[in-house]
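See structure below.
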Number of protein chains: 2
Amino acid sequence: MAKADIHAVAKAAGVSISTVSRTFTRPELVSAKTRAKVLEVADRLDFNISRSATALKSGQTYRVALLMNEEITSWFNTQTFAGIESVMHPAGYDISLFQHIDTPETRHKFFTDLPIRRNVDAVFVASFAIDPHEAEQLQRIHVPIVGINTPPSDGLDATVCIDDEKGMATATQYLINLGHRRIVYTCSEAAAMGASIDARTQGFINACRDAESKHDIDWKVLPVARGPEFADSALAALLTLDEFPDAICCQMDMMAIPLVLKLGRYGHITPRDYSIVGFDDSPYADTINLTTMRQNPYDMGRRAALKALKLINGDALDTPHETVEAQLVPRGTAAPFDQEVPFTPAA
Amino acid sequence: MAKADIHAVAKAAGVSISTVSRTFTRPELVSAKTRAKVLEVADRLDFNISRSATALKSGQTYRVALLMNEEITSWFNTQTFAGIESVMHPAGYDISLFQHIDTPETRHKFFTDLPIRRNVDAVFVASFAIDPHEAEQLQRIHVPIVGINTPPSDGLDATVCIDDEKGMATATQYLINLGHRRIVYTCSEAAAMGASIDARTQGFINACRDAESKHDIDWKVLPVARGPEFADSALAALLTLDEFPDAICCQMDMMAIPLVLKLGRYGHITPRDYSIVGFDDSPYADTINLTTMRQNPYDMGRRAALKALKLINGDALDTPHETVEAQLVPRGTAAPFDQEVPFTPAA
DNA sequence: TTGAAAGCGTTACCAC
DNA sequence: GTGGTAACGCTTTCAA
């Protein structure tokens, strides 16, 4: 049985192709009887409207691009993807994924060489900076660009961002309020392209500087090389400090969780010996009872997608740029700290 | 600047649309000089070949469907997706994702109602059984179906499956060889649709039965309700047994990891007090030093995608059905067990 | 309520 | 090496 096209269905149902088309796209314009007949025939012939033809005719592609740094397999990227998908799929759009757009070269390649221009209805950019000139290329051909956790940057039609800087400042403030004074911030070295996550470092620094007017804070930023071993690198860096800190601020849970688990093997037990807070509230954070800053990339993906849909539809946005805040989730790895009373020899 | 189509480019470059088309699809047929001219104009006009038109003309859709049970956010599904993507994206295909195809209803909806028939070039089915009749619907219109970790079932053009049953039997055998005799298998209740993962239970049972001829094995299957709380349910079930087991076999790492972490809080320390093995080698398994069975869904996705590409291309497969085996990864949570010597009062 | 026909932007065959 | 032209399968005005 060869594939049936709209003509075959029309013929078999004794109607014109116009009627077949309407039966699927605007059924209310077709009489109930005709509609039933057409549907019955279509079902029998395994017929369905061709999306390619519809797309060509309509000028839309029913496809959006999602650009991300690194792999989709990271927690943040997966959640973001799933959030976008949850809105775009029901709306009839597929997501064309472009991973590892994390160097100026790959990014440039995307914006110029790849057959994207005119071939997606919108572009999502997750977690990295974009060049205003590149944004302009898309705008010239009326392709909306929406950013998710993008650094402040020109040329995006809409953005949904978490306030990384403020979030990390909150986490740091929390540790200071608990009485911690010797605090280390562990993080991966900053990415080449201004990933939004690097703003967290500044949040930590700000909070420490602010507190210095009131307390004697001993703080330190401990960057380690990016890569699969970053948690072990941080572990090593911590264990080779002159003095082990009484609190650790982690750039992300994926750093904090291994640290909690492995520091225990070296005799550093949280919250008994030190406090630690993460950032993300990603898988297993609750299992190990990690105090952390929660963000919800799934929801950010949803919001971004809703904006994209409006933009595709030509509607204006009431709030093109949204900022959401990370929430402190107090759990068991951060506890009040009794400041050591320096030993005073008998007077 | 209005969107330029192929005619605009042809005109501006002083050539015919045929030449413009060839410049992009078969550049070797166009003289270097003409080609350069066309490309220059195309770039200036932001022109690119329309995928929709190409798709319509070619009869292909450059789109494949991926059906999965549950959410893409699970480790297995994300890895599978990423593996398929790593092959299909460079080949010019987008993935249209259908999640939660895990009840007969949603599955039926997919195969009949949704505008899929004739709108994808191939279908991937991950981790659940499919009805031969439904498979036949696709085959009738020449859409290849490729299964990943699908239970043995008719009608799939190709499959890449892990041997779940054998894998879990291996894990169980390992525990028995270590000297464990009181073994519990923790798992989620079987899915309605015959998820491939349920075969693992049988592997456990087989290994125990086999060993009974040689040893006095006290084994038990402990199913708990599916859902987000399944790990805690398993924990509760374990803690309320008459006697705590000396070994635990887990259906998956996502069950094993919380168990290792939380059982410790109740005084059951591995490997001191009991052994435990997981299945998957998913994130943090290495961090907590979990002995587990490794599978590689990313690679299975890749293999499945390679097969799909061949099938789309009309080529026959040398090995349509592949089975891979899970590898035992011995780490720190399973250790030799000294069988308790029953206490004998002084004679 | 239905049908006829134009056209969406390509590709590929056939001339030249 | 290049150009003209007929499809590909649909949507949508316009008429009936």
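Note on naming: letters A, B, ... go to the chains in the order of the sequence lines (proteins, then strands), and numbering restarts at 1 for each one. Just the heavy atoms: all of them, side chains too, but no hydrogens, waters or symmetry mates, feed the values below.
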First of I17(B) and I17(A) reached from the 5' end of DNA chain C, by closest nucleotide = I17(A)
Remember a base hit wins even if backbone is also touched, and classify [X] as base, sugar-phosphate or nothing at under 4.0 Å, heavy atoms.
| X | value |
| --- | --- |
| T25(A) | sugar-phosphate |
| T54(B) | sugar-phosphate |
| V20(A) | nothing |
| S31(B) | sugar-phosphate |

Between atom [atom1] in [X] and atom [atom2] in [N], what is the gap in whole Å?
| X | N | atom1 | atom2 | value |
| --- | --- | --- | --- | --- |
| Q60(A) | dT12(D) | CD | P | 11 Å |
| I49(A) | dC8(D) | CD1 | C1' | 14 Å |
| F47(A) | dC8(D) | CZ | C1' | 13 Å |
| D5(A) | dC8(D) | CG | C1' | 10 Å |
| H7(B) | dT5(D) | NE2 | P | 11 Å |
| I6(B) | dA7(D) | CD1 | C1' | 15 Å |
| L56(A) | dT12(D) | CG | P | 13 Å |
| L29(A) | dT2(C) | CG | C1' | 11 Å |

Just say parallel, tilted or perpendicular for the rings of H89(A) and F98(B), cut-offs at 30° and 60°.
-> perpendicular
Basic-acidic side-chain contact under 4.0 Å: K109(B), E105(B) | no
Taking only heavy atoms on the protein side, list every residue of residues 32-40 of chain A lying under 4.0 Å from any atom of DNA chain D, sorted numerically.
-> none
Taking the minimum atom-to-atom distance to the side chain of [X], which one of [options] wins?
| X | options | answer |
| --- | --- | --- |
| R22(A) | dT2(C), dG9(D), dA6(D) | dT2(C) |
| S18(B) | dC8(C), dT2(D), dG4(D) | dG4(D) |
| R26(A) | dT12(D), dT11(C), dT11(D) | dT12(D) |
| T19(B) | dT2(C), dG3(D), dG9(C) | dG3(D) |

Would [X] and [Y] count as having a side-chain donor-acceptor pair, cut-off 3.5 Å?
| X | Y | value |
| --- | --- | --- |
| D121(B) | T61(B) | yes |
| S96(A) | D94(B) | yes |
| T159(A) | H321(A) | yes |

Distance below 4.0 Å between S50(A) side-chain N/O and dG9(D) OP1 or OP2 | no
side-chain N/O S58(B) vs dT10(C) OP1/OP2, d < 4.0 Å | no
How bent is the helix from dT1(C)-dA16(D) to dC16(C)-dG1(D), comparing axes over its five end pairs at each side, to the nearest 10°?
-> 30°
Sub-3.5 Å donor-acceptor pair from the side chain of D131(B) to the main-chain atoms of R107(B), do we have one?
-> no
Does the base of dA7(D) carry an N or O that pairs as donor and acceptor with the side chain of K57(B) under 3.5 Å?
-> yes
Centroid separation F47(A) to F24(A) less than 6.0 Å = yes
Starting at CD1 of I17(B), measure out to NE2 of H7(B) and round the result to the nearest 0.5 Å.
-> 4.0 Å
How far apart are the closest heavy atoms of L66(A) and A126(A), and which atoms are they?
-> CD1-CB, 4.4 Å
